[in-house]
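See structure below.
Numbered from 1 within each chain, the chains take letters A, B, ... in sequence-line order. Because the structure is a prediction, the values reported are computed rather than measured.
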Amino acid sequence: MRAWPMIARLCWKEFCQGWMLLLAGCVIPPAGIMLNGRIGVGPFPSMVALFLLLAFTAILAARLAADNRYHRSFTGVHLPLHPAAAGWVAFLLHGAIAAAAGTLFAAWSLLLQHHRIVFTGIFPAPGLLFFAVFAIAYALSAAYTAWAGMAGGVIWAFTRESIQYAELTMIGGRMIQAPMHSWSPNPLLAVLYNYWSPGVVAIIIFYVTCITAAALVVLLQQFSRPTSPLARGLLAGILLAGVIGYPTWRNLHNDQRLGAAYATAGIHSPDGSLAVEYLPQPGGEAAELRFTDYRRSLTAVHRFAEVVKPLWLDGREAVIVAREAPRGTHMTLVRWEVATGRTTELLSLATKQDALYQSGYGYAIWSGDSFFASVSPDGRYALMSLPSLLYEEWGQRDIWAFDLSRRTVSLLLPVFYSEGVKVGWRGSQAILSGVGAPLAIAFPEMTTRRLESAAVKGGD
Amino acid sequence: MRRLLWKELRERSGWLALWIVVSVVVTATAGRHILTGMSGSSLWALAPPLFGLLAGLGAYGSELQGERAAFVYSRGVSWKLLLLAKLLPGLAAMLLATGISLAAAGLAAPSIYHPFFTLHDMLQGAGIFALINGVAFLAGFAFSIVLPGLTGAIVAFLGYAGLVAVFANVSDTTRPLIVILATCIAPAAAAILTARFGLTLGLRDRLRRFVLIVVSILLISLLDFAPPIQRLAGRIFAATPYTVTQVSPDGRLAYINANSSAKRQYVIHLASGKQFPVPDIFYRSDTTGDPHRGNSRGPYWINESCLLYTLFAHDGHDGSDNFFWWDGRTMRLTRLVLQDDRARQIEEYYPSPDGRHLLLRRRESLTIFTLRTGARQEIALTRAETPRKHSGSRQREGFVLRECWWQANDLIGYVDPFTRQRVLVTVQ
């Protein structure tokens, strides 16, 4: 028998084994949408649909590899093929089916949720993700056991960065509008707008590397024992890279020091007559601030050599700015007199490293409702929420109290839930309100007490 | 029993040690929430329970390979003793992990935080830490009894996680606690019954029985719509009362949303204690009154005396801004109806220095609104239409009105987005 007809027959056989995956890729999103429409709950199709399809892919790959490993495949009996060729065809064809299923899944999801297909959203990331899961599960199953292949494939796929990417590119229905309204620190959103940021490219490279490494393991199978230490070591490396590789790379990478963050980080007076805004910069840590007094048609520009953030206006003549050296662990409050351009250091406090400007995220800590900086009407006292030093992450906030006249600062409330907190000032007393009874902070003593009066608590 | 315990320790000491080490390292370096009564959330907090889960997942796996369970039973060991021998090392590891983690976190925390750590918070944090880790260990323990080996247990756990995700989606989310309880009880019951009756069975028989028990319990939990169960559950899991308070920027007034017994919203004058119930419109979720059709923003204070609550339909149209404001003696309601697309608008209010007027800035328009009379004055931007002739969003973005201000109490100013000229307009 000639080679090509034989390979065609082999492909048809493999397709007959794997067509269900394609069907699942087509059926799961519409089924999810129908379920969602009928029952009206839950984020279906989202994580659940993706979980099912990726689990299905991993199980299929693991079983296929186990069949080949234990010579349960009868391809060699029916077709005069070298076992290695049969193994390669099975690996590549089923991998292609998995990639096609992922692409179909993404296309259906986008079509059903947005009534149109965004081609930048379905190509090539979802296919690569599915192929990578298939390859990892296949290789793990070949080197260890089928159970290990199934579990490892699913776990690898659901490492945080992978799933975030998959969710955004395939089923990011509710998130698709996010960058239209506000700046998002997540570079992955950019893929939907055909903007290939370094982060996106890194993930694609990462997937391709994983697929290549898994293919190498499959190749090793042909020449050595399937459970060779080399194959197992290589696979353990891939899994480890899947869990920690990309986040580490992103943290080390330092290329996004500028962006739309500058446009959103300015401040203005309540009546709009004074404004402080960033001027566009080509990159780097330096920032140029422009102060405008619209009533008097006055402008002043100052270039800061370090990362800065305007916090509040000090009367009509000065701006209080937070300043931080790159990789710094201290933040300095500076008074910028706009008329003379002179800057005076007020005080300094210990913060997390890069608290003002986190590499890769821009002004991440300033976004959202959990940040606030508020100054008393007389400009003597202030409150500010900053990322807590007790946590590695950025979401937890401490509230710091500033006595600007004495130039002192002290930690007031560690790990304070500051989401949606508003600050009111009654003379030198600050009132923090939000959920629960308001908190009164008396300056200059910096003592706190709950406002427990029945009326404020909600009783009669 | 001692020999059994020794066997378990030899088999699983690696995972148990890893669990303790990860707990200590994470709490000492990344998330020291154990010191603050576990207040605040941290992704790092997931690491210790994850290793607790792994430690649990390895519990029964070795007994399911070959004829090991039958061999253990042939030595006169009861199923209860075996269960206890597998549980005790895990629970001991949990206690050790909690104690050492607490000490390590306290020693590693920056000194400025030390005055804020209280015994109550630390005990609470340690208790919750132990509970979460214990539950994770027990969850792993339950799934270790289904398929052979650690990877078999992981597959069983992942399969169940997928099932729960589907189950949570198709069940009514108004009864989440019943669902959560069922999803916890089902594998626990299945594991105990399998430990008693199914340990020596073949893989398929054991898997079938485990799945049957789990699915039966999940299906039974769907019966909670029966009115008596529903009422009982409602009584047990009654919504926690909450109060949202927003004090005005000058600390004179406070908006209260009290959900203690009946939902009540009012504004209180803090000096006199006088209360003013907010108007009915503040209770609605959109201008049509249909909760599924619309959206709302606020309420929030836009200056010292004015509370704003915005309503608009789901498509962004039919919006209204409702101002509940202090006129010096009492609170009054004034409405500003805006028919166009609110959801997509960039808009911001600028109160006049005396608080009598509001300037509403939008993408291509300016509106002055007088609170006392409800009168509105549209400022026609002469060049506003010109940018429409250009195609492409980038050109249009450049002509968005951005700069406007109060020049005086009765005079506004803006910079024309097209000509960049300063324009002053008197309030009529």
Begin with the C-alpha distance, continue with both residues' side-chain angles, and end with the deciding distance and a verdict on ring pair (Phe, Tyr, Trp, His ring centres under 6.0 Å) for A:W425 and A:F443.
CA-CA 11 Å; A:W425 290 90; A:F443 286 92; 5.7 Å; yes

Applying side-chain contact (heavy atoms from CB on, under 4.5 Å) to A:T351 and not counting sequence neighbours gives A:E324, A:M331, A:L349, A:A355, A:L386

As an exercise: rank A:M150, A:R296, A:H268 by heavy-atom pairs under 4.5 Å with chain B and give me the winner.
A:H268

B:L147 portion near chain A, given a 4.5 angstrom heavy-atom threshold:
side chain

Below 4.5 Å, heavy atoms only, C-beta onward: do B:W406 and B:H357 meet side chain to side chain?
yes

Using non-hydrogen atoms only, which part of B:S352 is less than 4.5 Å away from chain A: side chain, backbone, both, or neither?
neither

If one checks every heavy atom of A:S374 against chain B at 4.5 Å, the contacting part turns out to be neither

Within the structure provided, determine whether A:F416 and A:R397 are in side-chain contact (heavy-atom separation under 4.5 Å).
no

Using the test side-chain contact (heavy atoms from CB on, under 4.5 Å), find all partners of B:S272 that sit at least two apart in sequence or belong to another chain.
B:H269, B:K274

Chain B contact via A:L412 - which portion, at a heavy-atom distance below 4.5 Å
backbone

Using a cut-off of under 4.5 Å for heavy-atom pairs, which of A:S297, A:A350, A:P377 has the most such pairs with chain B?
A:S297

